[in-house]
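Order of appearance sets the numbers: ligands from 1, and atoms from 1 within every ligand.
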Amino acid sequence: MNTQIVKAFGTDAPTEDLKQLSIERREVRIKDVEIDILYCGVCHSDLHTARNEWRGTVYPNVPGHEIVGRISKVGSGVTKFKVGDLAAVGCMVDSCRECEQCKKGSEQYCENGNVQTYNGLEKYLNKQTFGGYSEKIVVDEDFVLRVPENLDLAATAPLLCAGVTTWSPLKHWNVGPGMKVGIVGIGGLGHMGVKLAKAMGAHVVVITTSPSKVEDAQRLGADEVILSTDMGQMKANAATLHFVLDCVSAEHDVNAYLSLLKVDGTLALVGAPEHPLPIAAFSLIPTRRNFAGSTIGSIAETQEMLDFCGAHNIVSDIELIKMQDINIAYERLLKGDVKYRFVIDMASLKN
Ligand code: NAP
Ligand code: ZN
Ligand code: ZN
C-alpha cells in the first residue's frame with residue numbers, strides 16, 4: 001500500500017502534552033477521497049482518549065473527529081465527490097458493512113465495531129487510525145459527508161460529532177412538539193442539543209451547573225433553565241420532563257436528573273465519564289423510568305442532520321484556536337471555560 005507522510009498533532013503518552021508529529025496516511029484507493037482539512041472541532045472525547053481515561057488508547061494518538069475540509073484527490077471509482085468539493089468526516093471512517101446493524105444503516109452500532117476516526121484499526125495499514133488534528137485525511141467516500149454551502153465552515157465542524165450525537169437520540173426518542181425535553185451539561189454537545197431540540201419543536205429545559213450559562217441558555221433556544229446546584233429549583237421541577245439528554249463529561253449524580261422525569265420518561269446518556277455512575281433502584285422503579293445510552297449517529301443520520309442545519313441555519317457557537325494552543329484549550333475544556341466549542345484553524349499547522 002502506498003503511503004504519504006503528513007503533519008499532525010498528537011501525544012505519545014497519557015500524561016504528555018500534544019505536540020507536532022508526522023503520521024502516515026494511505027494514498028487514495030479506488031473508493032477513497034483525500035481531504036485537505038480546514039477546521040477540526042475539539043470534542044471532550046479527544047481529551048478522554050488522549051489521556052487514556054477510557055483505557056485502550058494506542059500511542060501515538062492523534063485526536064479529532066469533527067473534520068471539515070476540501071477534497072484534494074479522489075480515487076478512480078469515487079462517484080459522490082469531486083476534487084474541490086467541501087466535505088466532512090465525523091467519528092467513524094468505516095464499519096464491517098455486513099452485520100445486521102450495518103445492513104440496516106446503523107453503522108455506529110456495527111456488531112463488529114465501527115472503525116473510529118482515531119484510535120480505531122486502519123485495516124489497510126494495520127495500525128491505529130489518526131484523527132483530524134492533521135493536514136489531510138483519506139477516507140472511503142461512503143463515510144464522507146456533504147457540507148451545506150450556506151453555513152460558516154468553521155462553525156459547521158462541531159456538527160460532525162456534537163451535532164449528530166445529540167441529533168440521533170433526539171430523533172430516536174421522537175422529540176418534537178408537545179414534548180418537554182431537558183438537556184443536561186451545556187458544553188459542546190449540550191449546546192447543540194438545545195439548538196436542535198428547539199428546532200425540532202420541543203419545549204427545551206436547560207439543566208446546568210454554571211450560573212454563567214443561565215443567561216446564554218435563552219439565546220441558545222431554551223424555554224426554561226434549571227440551575228442544578230440549587231436543590232429548590234430541582235425539587236420544583238421534579239417529574240416534569242418527558243425526556244432528558246445527559247451530556248455531562250465528568251462524574252455526576254444521575255439520580256438527581258432522573259428525578260426530573262415523568263412516568264415512563266427516558267434519560268439517555270451521551271456523556272461518557274471515566275468512572276461508573278451509580279443508579280438507585282428507586283430512581284427508576286416507582287415511575288417506570290428508562291435509563292438509556294446512545295452513541296454518535298449513522299452516516300445517513302449525520303447527513304440528515306447536516307441538511308437540517310443547512311435549512312435552519314444552525315451551527316455551533318465556537319472559539320477558533322491555533323493548533324499550537326491545543327494544550328491550553330484542553331485545560332480550559334476541563335474547567336468548562338469554552339462557549340461552546342473550540343475549533344482548530346488547521347492553517348496554523350502549516351506554519
Ligand atoms: P464539554 O464541552 O466539556 O461539556 C461537558 C459539560 O458537562 C460541561 O460544559 C458542564 O456543563 C457539564 N459538567 C462538567 N462537569 C460536570 C459535573 N461534575 N457535574 C455536572 N455537570 C458537569 O464536553 P462535550 O464535548 O460536550 O462532551 C460531553 C461528554 O460526551 C464527554 O464525556 C464526551 O466524551 C461524550 N461524548 C459522547 C459521545 C457519544 O457518542 N455518546 C460523542 C461525543 C462526546 P454545565 O456547565 O452546563 O453544567
Ligand atoms: Zn466527539
Ligand atoms: Zn457491521
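In this structure, CZ in R332 is found 8.0 Å from NZ in K335, a value given to the nearest 0.5 Å. Rounded to the nearest 0.5 Å, atoms SG (C91) and CG (L160) are 7.5 Å apart. K103 contributes atom NZ, which lies 7.0 Å from atom CD of E98 (distance to the nearest 0.5 angstrom). In this structure, CG on N119 lies 6.0 Å from OG1 on T49, to the nearest 0.5 angstrom. Taking CD of Q116 as the start and CD of Q128 as the end, the distance is 13.5 Å to the nearest 0.5 Å.
The closest protein non-hydrogen atom to atom 5 (C) of ligand 1 is S249 OG, 3.5 Å. Taking atom 37 (C) of ligand 1 as the reference point, the nearest protein heavy-atom neighbour is V270 O, 2.8 Å. Closest to atom 28 (C) of ligand 1, if we only count protein heavy atoms, is C247 O, 3.2 Å. When hydrogens are left out, the protein atom nearest atom 18 (N) of ligand 1 is E251 O, 3.2 Å; that is the closest non-hydrogen contact. When hydrogens are left out, the protein atom nearest atom 29 (C) of ligand 1 is G271 CA, 3.5 Å; that is the closest non-hydrogen contact. Nearest protein neighbour of atom 48 (O) of ligand 1, counting heavy atoms only, is T209 OG1, 2.6 Å. Protein heavy atom in closest approach to atom 46 (O) of ligand 1: S210 OG, 2.5 Å. Summary of contacts: the protein heavy atom closest to atom 7 (O) of ligand 1 is V248 CA, 3.6 Å.
Counting heavy atoms under 4.0 Å from ligand 1, residue F342 does not touch it at all. By the criterion of a heavy-atom distance under 4.0 Å, both the backbone and the side chain of H44 are placed next to ligand 1. Both the backbone and the side chain of S45 come within contact range of ligand 1, each with a heavy atom under 4.0 Å. With a 4.0 Å cut-off on non-hydrogen atoms, I186 touches ligand 1 through its backbone as well as its side chain.
Those atoms of ligand 1 that come under 4.0 Å of a heavy atom in W54, given as number and element, are 34 (O). Close contacts of ligand 1 with T208, meaning ligand atoms under 4.0 Å from a residue heavy atom, involve 45 (P), 46 (O), 47 (O), 48 (O). Under a 4.0 Å criterion applied to the non-hydrogen atoms of K213, ligand 1 contributes the atoms 9 (O), 11 (O), 45 (P), 46 (O), 47 (O). The T295 neighbourhood of ligand 1 comprises atoms 40 (O), 41 (N), with distances under 4.0 Å to a heavy atom of that residue. Close contacts between ligand 1 and G185 involve ligand atoms 7 (O), 11 (O), 12 (C), 47 (O) [criterion: under 4.0 Å to a heavy atom]. Atoms of ligand 1 lying under 4.0 Å from any heavy atom of I296, numbered from 1 in the order shown and given with element: 39 (C), 40 (O).
Nearest-heavy-atom check against atom 6 (C) of ligand 1 across A217, A162, G187, G188 picks out G187.
Remark: ligand 1 and H252 share no N or O pair separated by less than 3.5 Å (distance only, no angle test). For the pair L189 and ligand 1, the shortest N or O to N or O distance falls below 3.5 Å. For ligand 1, the polar-atom distance check against R341 finds a nitrogen or oxygen pair separated by under 3.5 Å. For ligand 1, the polar-atom distance check finds no N/O of A250 at less than 3.5 Å from any of the ligand's N/O atoms.
Counting all heavy atoms, side chain and backbone alike, G131 lies closest to Y118 at N-CB, 3.5 Å. Here the shortest heavy-atom pairing between D12 and K19 reads OD2-NZ, 2.7 Å. When all heavy atoms are compared, the tightest approach of S283 to L258 is CB-CD1, 3.7 Å.
Close to ligand 1: C161, with a non-hydrogen atom less than 4.0 angstrom away. Under the 4.0 angstrom criterion for non-hydrogen atoms, G336 is not in contact with ligand 1.
A heavy-atom distance below 4.5 Å is found between the side chains of Y39 and D345. In this structure the side chain of M192 reaches within 4.5 angstrom of the side chain of I314, judged on heavy atoms.
Rounded to 10 degrees, the SG-metal-SG angle spanning C102 and C96 at the Zn ion (ligand 3) equals 120°. Taking the Zn ion (ligand 3) as the apex, the angle formed with SG of C110 and SG of C99 is 120°, to the nearest 10 degrees.
Residue contact annotation: H44 places no N/O/S atom under 2.8 Å from the Zn ion (ligand 2). The Zn ion (ligand 2) does not have C91 among its coordinating residues (no N/O/S atom, backbone or side chain, under 2.8 Å).
Between Y133 and Y330, the ring planes are tilted. Angles from 30° to 60° get that label.
No option in T3, D32, N2 other than D32 meets the side chain to side chain donor-acceptor pair (under 3.5 Å) test with R26.
Under a 4.0 Å N-O distance rule, the pair D142/K80 qualifies as a salt bridge. The pair K195-D317 meets the salt-bridge criterion, since a charged nitrogen lies less than 4.0 angstrom from a carboxylate oxygen.
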Between T266 and N290, is a side-chain hydrogen bond (donor to acceptor under 3.5 Å, both in side chains) present by the stated rule, with each step listed?
CA-CA 5 Å; T266 296; N290 304 287; 3.2 Å; yes
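R289 contributes a side-chain N or O that, together with a main-chain N or O of L261, makes up a donor-acceptor pair within less than 3.5 Å.
Heavy-atom neighbours of E24 CD from other residues, nucleotides or ligands within 6.0 Å: above the threshold of 12.
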